[in-house]
Amino acid sequence: MLPSLTIHEAHARLARHEISAVELTRSIYDRIDRVDPALHAYLHLARESALAQAQAADERRANGEDTPLLGVPLAIKDVICVDGQPATAGSKILQNFVPPYDATAVARLRALGAVFLGKTNTDEFAMGSSTENSAYGVTHNPWDVERVPGGSSGGSAAAVAADLCLGAFGSDTGGSVRQPASLCGVVGIKPSYGRVSRYGLIAFASSLDQIGPFAKDVIDAATLLGAIAGHDPLDSTSMTAPVPDYASRLNGDLKGVRVGVPKEYFIDGMQPEVEQSIHAAIDVLKSLGAEIREVSLPHTDYGLPVYYIIAPAEASANLARFDSVRYGLRIDRGDLWETYRATRGEGFGPEVKRRIMLGTYALSTGYYDAYYLKAQKVRTLIKRDYDTAFEQVDVIACPVSPTTAFRIGEKVDDPLQMYLSDVFTLNQNLAGICGVSLPCGFDGQNLPIGLQLNGPAFGEAQMLQVAYAYEQATEWHTRKPELA
Ligand code: GLN
């Protein structure tokens, strides 16, 4: 079945001219038509332009060109701009917004000949952990349609897990690639801050946001990361550090690699099966030759409160641009002030409003020092914890999410419970380091469990090396959900 191919498998068959990109793209749309009504991974399908891109890819290949992504169909989270396709960010306020340009990540994929199938569901402005905050309905987890796929990039994770694309992209501000990857049983990477250009990513929290890939295995994820990484003059926070060839460096060797296990990442209230699976995965790394060491990240507990000051503070500033004048929704009340009020009142959902209020409060005169400035100082301490740990070890191994996929509706009325689903994924963004989630087991209800590996800033190559070695030694990534 063509949609179930990995990118490297599809590439091999495309390169041998056994299949065409048009055939591959059609087969995926057929599957989307059958399966997506039950999942709602996609918000928008771009059939016509995708088939034209596939056709163009086939022509390039007929002319002797080749790239690992030439003719490969991908899905893009609806917070990332694709020229000519809607970009709603899961919000009513951007209902009719069609960006006239590509995000840099998308432009790079386009140049390599990738095919853009459509846009995937997301929590509104990427604020959430379940896709339930989307203004356009929830996405269902392919492993159990009564459960959430995680979030905020839940549409992209579900699309990869259900073979509704060969790979996908999301954004990760505090876990939004890793957590849905974990809950849907696929591989997801949060690159180091500055590794990937944010140009054309609709901003949530600019000092934390990164675009990252979802894939069916580590090689594919490495290929997708390599395709989008690197300096971009359009994003002054993107770094000039050279981009290693992540995919071709992978081999199964872990001898001499020091893997740290942070004791603060095994806490009361974790699902016991998650804890067991992570320990079992660490044993596998050990059996492959890695040296396992306990490390301490003493400021771990402060991550959640620090994140929920800094991220909303930045969001409150970033979202000020949605003023009904330039983009999207406009509810005209004659008077400018009333027009702002009506448009933003109707256009933003409750979680976005909550974040704007939190952020505006934390930044206001009299509270700035007590909240925002204090949070920035603690952020530095969290970063230093990682600096110290990475003097002792090369890679850190820990859980992604304290539980497997929860039920739709279970946490939606309790913001704090929802925020707690990211306790293990926030600090890496605060510290600017890289992370990957990869399948490492299933719970008693056949729901996937993810292992998180972290590397220091710009340490993606070694982190992916450990991920690949683990994947080679296990079979979790080969399991597929049974869909009607
Ligand atoms: N769930 C976290 C939040 O709601 C992280 C979201 C993200 O990474 N975009 O902010």
Side-chain angles (χ1 to χ4, degrees), residues 76-80 89-91 120-134 138-139 148-157 168-184 188-193 196 198 201-214 303-316 318-319 348-359 362 375 379 400-403 405-406 410-412 414-437 450 452:
I76 308 286
K77 182 182 184 181
D78 212 23
V79 293
I80 301 170
S91 181
T120 55
N121 201 10
T122 167
D123 286 295
E124 188 174 0
F125 288 102
M127 296 172 188
S129 312
S130 67
T131 76
E132 290 167 291
N133 296 336
S134 168
V138 66
T139 295
V148 302
S152 62
S153 317
S156 287
F169 286 87
S171 60
D172 191 313
T173 304
S176 279
V177 169
R178 288 161 289 155
Q179 185 257 19
S182 173
L183 271 47
C184 289
I189 300 175
K190 182 213 102 66
S192 309
Y193 187 76
V196 176
R198 294 180 294 107
L201 167 64
I202 296 172
F204 163 9
S206 304
S207 77
L208 302 163
D209 297 342
Q210 277 290 294
I211 295 174
F214 289 92
L304 189 115
V306 165
Y307 174 89
Y308 278 99
I309 291 170
I310 293 176
E314 295 184 17
S316 70
N318 276 325
L319 270 51
F348 289 137
E351 182 61 28
V352 173
K353 288 178 183 161
R354 183 178 298 124
R355 305 273 178 120
I356 292 173
M357 285 190 284
L358 280 170
R379 180 179 187 173
V400 180
S401 166
T403 67
F406 44 94
E410 196 179 316
K411 299 188 180 180
V412 78
D414 187 344
L416 194 57
Q417 278 307 313
M418 191 68 92
Y419 296 171
L420 280 166
S421 39
D422 297 300
V423 272
F424 299 144
T425 51
L426 302 167
N427 293 17
Q428 297 82 6
N429 297 70
L430 291 167
I433 64 171
C434 56
V436 58
S437 170
Q452 179 167 207

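The structure displayed is predicted, hence computed values, not measured ones. Numbering of ligands and ligand atoms starts at 1, following listing order.
- Between Tyr308 and Tyr419, the gap from one ring centroid to the other is short of 6.0 Å.
- Using a 4.0 Å heavy-atom criterion, the residues that approach ligand 1 are Ala126, Met127, Gly128, Ser129, Ser152, Asp172, Thr173, Gly174, Gly175, Ser176, Phe204, Tyr307, Tyr308, Arg355, Asp422.
- A donor and an acceptor atom, one from each side chain of Ser437 and Gln179, are nowhere located under 3.5 Å apart.
- Side-chain N/O atoms of Thr120 and Ser156 include a donor and acceptor closer than 3.5 Å.
- Asp172 pairs with exactly one of Gln210, Arg178, Gln428 by the side-chain hydrogen bond (donor to acceptor under 3.5 Å, both in side chains) rule, that one being Arg178.
- The closest side-chain donor-acceptor pair between Asp78 and Thr122, if any, does not fall under 3.5 angstrom.
- Remark: Phe424 pairs with Tyr265 by the ring pair (Phe, Tyr, Trp, His ring centres under 6.0 Å) rule, at least two apart or across chains.
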